Amino acid sequence: MVGYGFLFGVFFYAIAFHWIHHMAMVFGNFPWLVSFIILLLAGVLFGAKFPIFLVSYSFLSRRVGKHSVWVAGVCGMAADMIGYQLFPWYWGNLAAGNIILAQTVEIAGVYGLSFLVFVISYTIFETNLLHLPEILRSKEKRSHFIKFWTLPFALLLLFVVVGSTLYLKWKNVTPSKTLEVLVVQPDAPMSIRDERGRSPREVIEDLMGRMDKMVENAVQKAGKNPDLIVLPEAGIPYFSANRELLKIRMGDRIYWPRFDSLMVSFANRYKATVFFNEIDAAYKIKSSGKEYLRYFNNNVIYDPNGVRRQAYQKQYLVMFGETMPFEFMYDLSPQTGRFDPGESFDLLHYYSDIPKESPQTILPVTWEKTEGIDADFVRNYYSPTHTELKDEGTFLPLICYEVIVPEFVRKFKDSGNPQFIANLTNDKWYGTTTESDQHFELGRLRAIEWRRWLVRSTNSGISGYVDHLGNFIEGKSTSLMKAETSWQQIQVIDSPPGFYVLYGNLIPWIMIILTAVYYGNLLLRNNKSAA
């Protein structure tokens with residue numbers, strides 16, 4: 001069972017997550033053969049839930065002496081919960097495409113759907129439907145068939161009823177307010193070493209100029225200013241807008257005044273909160289030694305007056321891209337970053353401006369005009385347009401893979417009740433593989449668990465929006481490997497945290513514990529009878 005389980009895990013990963021090979025080559029800079037070995041090892045390590053299921057189900061079935069759809073469901077659910085995964089996916093996601101069934105994750109989480117998937121799958125597997133006419137003719141076989149299908153059918157009916165009830169409840173809810181959100185997908189290069197012979201400066205300046213025009217064109221097309229401008233992870237790669245980095249060694253290589261100036265200009269020009277990503281750094285201890293310098297993947301808020309507010313540092317780091325499991329592996333892949341995880345689960349605030357009665361208009365500071373000036377100059381230039389600000393509330397900031405880990409995301413509940421979720425991502429390392437679709441699909445369930453809209457901004461696609469029912473907003477998702485913008489009016493749902501957010505995997509764990517107690521007791525009685 002162990003051998004077959006791992007073999008199938010490797011086979012499954014090689015097909016479903018083939019992009020791990022692409023990631024290892026592009027992100028980790030490993031040779032083709034080494035990347036292939038990494039793919040196989042990923043199948044062994046992260047496909048461990050396959051042998052966990054086979055061994056646990058085989059053990060219980062043989063020792064107890066009877067097959068059970070309930071045992072199949074619990075073993076599958078437990079394997080899903082116990083098995084470690086680098087890119088977390090769940091068997092429950094196989095059923096989450098059904099919008100009615102997906103609603104139940106508000107209560108039982110995605111593992112509840114995993115239980116349903118295994119119960120129904122096992123029942124169909126054990127039922128030879130080709131013999132259905134024969135079964136219906138025989139009273140004894142018909143009785144056995146009905147008895148065998150009673151639990152699966154009742155369970156499926158329960159999920160449908162609960163899902164339909166939740167869907168109707170949340171479909172008719174009235175939002176407390178709406179927000180105009182502009183997502184910018186700049187398609188920034190992975191490397192500023194250009195194949196066309198341009199210098200790194202020319203490459204990055206072309207990116208910044210393109211981004212400036214993208215925002216300007218989107219605002220002109222909409223005919224109004226957005227409330228929130230969202231830039232993706234690595235939208236301006238390898239740089240920071242944090243001026244404090246000038247105070248530490250090598251900080252001058254990270255902080256870029258023109259980056260900072262453009263963000264200040266965006267905020268003031270469009271009177272919007274700007275949410276973007278950067279590299280941050282700090283000393284681990286009070287020392288100026290380079291060995292104590294740590295880097296962070298950082299999300300930042302600038303208010304509509306261009307003032308830097310809060311920041312969130314990524315905690316769930318990506319292996320082979322932002323960190324390595326062993327120190328010697330950094331020598332094998334010098335391209336891999338040495339990032340440290342953040343520690344704060346604070347929600348971020350966003351702001352709106354209270355317009356003046358006679359607002360003053362001035363010429364905008366475009367990207368070209370930021371040459372030779374700093375952010376303070378831009379902020380002072382816009383000072384006549386500065387207004388009183390209103391704290392509109394908080395939202396949940398997530399970076400990249402963090403959005404697909406439900407246990408991690410619910411840790412933010414202790415910081416308050418967010419109004420929406422924003423996920424900044426860079427999926428360009430995976431090319432045109434299925435990774436970006438999978439990433440977006442897996443993160444979709446967080447919108448249902450929290451009953452909040454999800455805003456997804458990626459560097460190269462797929463960017464888009466998910467409503468509080470888990471629906472992708474049609475026509476608002478971007479393409480892959482293209483520079484695009486997407487504008488959407490999102491809803492703010494005013495509701496207390498739901499059952500899953502408050503209690504996590506309580507229901508799945510209760511099911512596992514009760515099943516273990518019941519079958520443990522049954523096993524003891526069988527052993528006593530045999531003795």
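Since the structure is predicted, the reported quantities are computational estimates derived from the model, not experimental observations. FYI, the numbering just counts along the sequence from 1.
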Query raised in the report: Can you check whether M208's main-chain N or O pairs, donor with acceptor, with D212's side chain at less than 3.5 Å?
Result: no
Query raised in the report: With no hydrogens and no angle check, is any side-chain donor or acceptor of H468 less than 3.5 Å from a backbone partner on W170?
Result: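 It does hold such a pair.
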Please list all pairs passing the salt bridge (Lys or Arg N to Asp or Glu O under 4.0 Å) test where one or both residues lie in [range], with sequence neighbours left out.
range            : value
residues 472-492 : none
residues 88-107  : E106-R451
residues 255-267 : E205-R258, R258-E371
residues 215-224 : E180-K224

Query raised in the report: So, S457 and S463: side-chain donor and acceptor under 3.5 Å apart, yes or no?
Result: no
Query raised in the report: Are N277 and E233 linked by a side-chain donor-acceptor pair shorter than 3.5 Å?
Result: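 Result is no, nothing qualifies.
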[X]: what forms a ring-ring contact (aromatic ring centres under 6.0 Å, His included) with it, not counting sequence neighbours?
X    : value
Y167 : none
W19  : F17, F87, Y430
H21  : W32
F345 : F408, F412

Taking distance alone, no hydrogens or angles, what donor-acceptor pairs closer than 3.5 Å link side-chain atoms of residues 490-505 to residues at least two apart or in another chain?
from: S495; atom 1: OG; to: R452; atom 2: NH1; distance (Å): 2.9
from: N505; atom 1: ND2; to: E407; atom 2: OE2; distance (Å): 3.4

Report task. Apply salt bridge (Lys or Arg N to Asp or Glu O under 4.0 Å) to D227 and list each qualifying residue two or more places apart in sequence or on a separate chain. Result ->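 Per chain and number, D227 pairs via salt bridge (Lys or Arg N to Asp or Glu O under 4.0 Å) with no residue.
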Requested in this report: Go through the steps to decide whether F46 and Y84 satisfy the test ring pair (Phe, Tyr, Trp, His ring centres under 6.0 Å), and finish with yes or no.
Outcome: CA-CA 6 Å; F46 308 120; Y84 177 74; 5.6 Å; yes
Requested in this report: Please list all pairs passing the ring pair (Phe, Tyr, Trp, His ring centres under 6.0 Å) test where one or both residues lie in residues 365-392, with sequence neighbours left out.
Outcome: W256-W367
Query raised in the report: Who are the side-chain contact (heavy atoms from CB on, under 4.5 Å) partners of A422, not counting sequence neighbours?
Result: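 For A422, the residues satisfying side-chain contact (heavy atoms from CB on, under 4.5 Å) (neighbours in sequence not counted) are F275, F395, F420.
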